[in-house]
Amino acid sequence: MQHDKDSKTTFYTCSCFSTDNIFLEEFKLHVRFLSEHQFRSDYQAVLRNLGCSTDAEFNDILKKIEKEVERRRSLGVKSAERAAAIKEIYKPLHDHVYHLHESYMAPEFKQMVDYCRSDEASKEGLLSLMQTEAATRVFRFPVFKKIFCDELIEEMEHFEQSRSPKGRPNTMNNYGILLNELGFDEGFIIPLREQYLQPLTSLLYHDCGGCYLDSHKAFMVKYDMHEDLDLSYHYDNAEVTLNVSLGKEFTEGNLYFGDMRQVPLSETACTEVEHKVTEGILHRGQHMHGALPISSGQRWNLIVWMRASQERNKLCPMCNKRPTLVEGEGFADGFTSDLGMSLLQNV
């Protein structure tokens, strides 16, 4: 469990994490798994229509899902074990990238943050400084200088090539790096969230937790012609998301945004958003989106899922129920406890 260094807050996950929103890549389908009987009843006909035509194929899917459920249940412990091993054996290439400095930041980003910290700050004034509102409440602006983006990618590649243990970011991204395991939280991601991003989100997303973001999950994702090419339509386990394009050289691969997750796909029109190197896309976590395939090269993105316990404690965004809390490691899934919430010791 993560204890906030100032308030000693303990963070939890929701019990649904082990069973809900399991992504079946070959069918582009998110599923829920409580038991084999429930899964067969809910999804066998659906999967048959999507091309899963034999019992053997269905049983293979069951085995994959059961393996994923077990992975999720042990995720916190395994992540802590990896972080300890990395700390012991990994030698960074660029020590300085683990500590956030304003010298890394694009002048436009610093100007926006300085304005948001001022007494006269307003949403209208901030919007006048931004490059563009790329889609409804989706904002695009430079975040880092190119030289820093290059050095951060070099550090990620150096880590990839090391003998250190590695975990995947989530079920949708097969290639990437969990930044808390590598030691980025304390010196980089926490100050980025608290000192630079929250002044912006307080003005832009005050209605969905932007004023009181108190935890996060940060990771790198990589797209390559021989690995992941794209990312299917989805929403994030976050109140607000920052997605920064770091490089390298690639073609195509723009993002696209639909509507909020509550709106049926049949009633949704998608907007394509160009994502240039050094630029960040800031959006609500529950805003449905995806990434189109790259057609050449390799692309790295920094993703920061920012969470507000004051919002998610009311309703878990992944199961749409009042959360049942389970002990976790680190910031877990950003839930905190109160007297009205149930707490499970184990799932």
Side-chain angles (χ1 to χ4, degrees), residues 1-5 7-23 30-34 64-90 98 159 164-190 193 213-221 234 236-239 241 285 303-309 311-313 315-319 321-338 341-347:
M1 290 175 289
Q2 174 77 31
H3 298 275
D4 182 87
K5 64 180 180 179
S7 65
K8 306 299 182 185
T9 301
T10 299
F11 292 92
Y12 299 87
T13 188
C14 177
S15 61
C16 76
F17 173 74
S18 299
T19 58
D20 289 33
N21 289 284
I22 297 172
F23 186 62
H30 283 90
V31 299
R32 187 183 193 211
F33 182 87
L34 299 177
K64 288 180 183 178
I65 291 175
E66 288 168 349
K67 184 177 180 181
E68 172 61 17
V69 169
E70 183 55 37
R71 184 192 74 86
R72 292 186 181 196
R73 286 177 173 166
S74 62
L75 188 62
V77 172
K78 296 292 186 183
S79 180
E81 291 173 351
R82 287 194 299 268
I86 291 166
K87 186 175 182 180
E88 181 177 348
I89 67 177
Y90 179 63
Y98 290 78
F159 175 71
S164 300
K166 301 164 185 74
R168 62 189 291 196
N170 52 65
T171 58
M172 297 188 73
N173 294 105
N174 296 300
Y175 301 92
I177 295 168
L178 292 162
L179 292 178
N180 66 307
E181 294 182 2
L182 200 47
F184 272 87
D185 265 2
E186 196 67 32
F188 192 100
I189 303 297
I190 291 176
R193 167 171 56 84
L213 300 169
D214 53 359
S215 70
H216 63 264
K217 177 178 179 178
F219 51 96
M220 294 286 184
V221 295
H234 69 285
D236 299 336
N237 186 1
E239 274 62 66
T241 294
I303 312 294
V304 186
W305 287 353
M306 293 175 279
R307 293 154 169 174
S309 60
E311 287 293 318
R312 58 186 38 229
N313 285 351
L315 191 73
C316 172
M318 307 310 286
C319 67
K321 298 176 183 176
R322 187 165 174 80
T324 299
L325 302 183
V326 181
E327 292 185 356
E329 296 289 334
F331 284 119
D333 275 343
F335 299 95
T336 57
S337 64
D338 61 45
M341 301 174 74
S342 17
L343 173 60
L344 300 179
Q345 295 303 314
N346 294 289
V347 179

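Here Met220 contributes atom CE and Leu182 contributes atom CG; the two are 9.0 Å apart, rounded to the nearest 0.5 Å. With rounding to the nearest 0.5 Å, the separation of OG in Ser15 from CZ in Arg73 is 10.0 Å. Distance check: Phe219 CZ to Glu181 CD gives 12.5 Å after rounding to the nearest 0.5 Å. Atom CG of Asp333 is separated from atom NZ of Lys217 by 7.5 Å, given to the nearest 0.5 angstrom. Between the OG1 atom of Thr19 and the CD1 atom of Ile65 there is a distance of 11.5 Å, given to the nearest 0.5 Å.
When Asp214, Asp185, Thr9, Asn180 are each tested for a side-chain contact (heavy atoms from CB on, under 4.5 Å) with Phe331, only one passes: Asp185. Tested against Glu239 for a salt bridge (Lys or Arg N to Asp or Glu O under 4.0 Å), the candidates Arg312, Arg307, Arg193 yield a single pass: Arg312.
Using a 30° and 60° split on the angle between ring planes, Phe184 and Tyr98 fall in the parallel class, below 30°.
For Pro165 against Ile86, the heavy-atom pair with the smallest separation is O-CD1, 3.5 Å. Pro323 and Asn313 make their closest contact through CD-O, 3.4 Å (heavy atoms, listed as atom of the first residue, atom of the second, distance). Minimum heavy-atom separation, Ala238 to Trp305: CB-CB, 3.6 Å. Minimum interatomic distance between Tyr90 and Ser164 (heavy atoms only, all atoms of both residues): CB-OG, 3.4 Å. Residue Phe33 comes nearest to Ile22 through the heavy atom pair CB-CD1, 4.2 Å, listed as atom of the first residue, atom of the second, then distance. Considering every non-hydrogen atom in both Ser18 and Val69, the closest pair reads O-CG2, 3.4 Å.
In this structure, the side chains of Cys316 and Asn237 stay at 4.5 Å or more apart for every pair of heavy atoms. Taking 4.5 Å as the limit, every side-chain heavy atom of Lys166 sits out of range of all side-chain heavy atoms of Ile177.
Asn21 places a side-chain N or O within 3.5 Å of a backbone atom of Met318 that can act as its donor or acceptor partner. When atom types are taken as modelled, the side chain of Glu329 and the backbone of Ala80 share no donor-acceptor pair closer than 3.5 angstrom.
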### Task
Show the numbers, then the answer: is there a side chain to side chain contact (heavy atoms under 4.5 Å, CB included) between Leu178 and Arg82?
CA-CA 10 Å; Leu178 292 162; Arg82 287 194 299 268; 3.9 Å; yes
### Message
Set out, in order, the CA-CA distance, both residues' side-chain angles and the distance that settles salt bridge (charged side-chain N to carboxylate O under 4.0 Å, His left out) for Glu68 and Arg71, then state yes or no.
### Response
CA-CA 5 Å; Glu68 172 61 17; Arg71 184 192 74 86; 2.9 Å; yes
### Query
Going through the distances and angles, do Leu75 and Phe17 end up as a side chain to side chain contact (heavy atoms under 4.5 Å, CB included)?
CA-CA 10 Å; Leu75 188 62; Phe17 173 74; 3.6 Å; yes
### Query
Would Ile190 and His216 count as a side chain to side chain contact (heavy atoms under 4.5 Å, CB included) if you check the C-alpha gap in whole Å, the side-chain angles of each, and the deciding distance to 0.1 Å?
CA-CA 8 Å; Ile190 291 176; His216 63 264; 3.6 Å; yes
### Task
Decide side chain to side chain contact (heavy atoms under 4.5 Å, CB included) for Phe11 and Thr336; before the verdict, give the C-alpha distance in whole Å, the side-chain angles of both, and the deciding distance to 0.1 Å.
CA-CA 5 Å; Phe11 292 92; Thr336 57; 3.8 Å; yes
